[in-house]
Asker: 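Once you've had a glance at the structure underneath, I'll fire off some questions.
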Amino acid sequence: YYHVTVGDGQAFIDPSVTLEDYAQGNGIENNWVVRFMTGHMEGEIKKEHLEEAKEILTKKFVVGFMDDAEETVYRIMKYFDWAFEEDETVRMQQEDCIKDLITGRT
């Protein structure tokens, strides 16, 4: 939490920012993800910047959750229009493969 970015883009460690200051947003840059995604690193963040970041997420990312990895795989399959084989034996092998990948049994 000590990293602070200055105007020239160089990061430095500022030990004067306490954990409490950091938690309250004092001494840190706000909306870092929006700033990073839109390239608007300085100045006020406006609704247009948020909308641009949301548009980037919509077009460039597929978001999943590791606590429900199997559902995430199925969502990714749907997004890319991937399907299991029609042959039941092959389909079961593909489903088992996904389960093995998720549980680390590869």
Asker: Can Val33 be reached from Phe61 by stepping across I, L, V, M, F, W or Y side chains whose heavy atoms are under 4.5 Å apart?
Answerer: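 Yes; tracing contacts between hydrophobic side chains, which count when under 4.5 Å, links both residues.
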Asker: Would you give the length of the straight line joining atom CG of Asp81 to atom NZ of Lys78, rounded to the nearest 0.5 angstrom?
Answerer: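 Between Asp81 CG and Lys78 NZ, I get 10.5 Å after rounding to 0.5 Å.
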Asker: Which atom pairs, donor and acceptor, lie under 3.5 Å between side-chain atoms of residues 82-92 and protein residues at least two apart or in another chain?
Answerer:
from, atom 1, to, atom 2, distance (Å)
Asp87, OD1, Thr89, N, 3.1
Asp87, OD1, Val90, N, 3.0
Arg91, NE, Glu95, OE2, 3.2

Asker: To check you understand the geometry: which heavy-atom pair defines the closest contact between His49 and Thr38, and what is its length?
Answerer: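 Between these two residues, the closest heavy atoms are O-CG2, 3.4 Å.
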Asker: Does some side-chain heavy atom of Met37 sit less than 4.5 Å from a side-chain heavy atom of Leu57?
Answerer: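 A side-chain contact exists here, since the closest heavy-atom pair is under 4.5 Å.
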Asker: Please table the atom pairs, donor to acceptor, closer than 3.5 Å between any side-chain atom in residues 70-77 and protein atoms at least two apart or in another chain.
Answerer:
from, atom 1, to, atom 2, distance (Å)
Glu71, OE2, Arg75, NE, 3.3
Thr72, OG1, Phe65, N, 2.9
Thr72, OG1, Phe65, O, 3.1
Thr72, OG1, Asp68, O, 3.2

Asker: In Å, rounded to the nearest 0.5 Å, how long is the span from CG of Leu50 to NE2 of His40?
Answerer: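 Answer for the CG-NE2 pair, Leu50 versus His40, is 12.5 Å.
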Asker: With ILVMFWY side chains joined below 4.5 Å, transitively, what does Met66's cluster contain besides itself?
Answerer: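 Listed partners: none, Met66 stands alone.
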Asker: Identify whether Ile98 and Tyr79 are in the same connected component of the hydrophobic contact network (ILVMFWY, side-chain heavy atoms under 4.5 Å).
Answerer: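 Yes, because Ile98 and Tyr79 connect within a single hydrophobic cluster, where side-chain heavy atoms sit under 4.5 Å apart.
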Asker: Is there a chain of hydrophobic side chains (I, L, V, M, F, W, Y, each step under 4.5 Å between heavy atoms) that links Phe80 to Ile102?
Answerer: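 The answer is yes; both residues are in one hydrophobic cluster.
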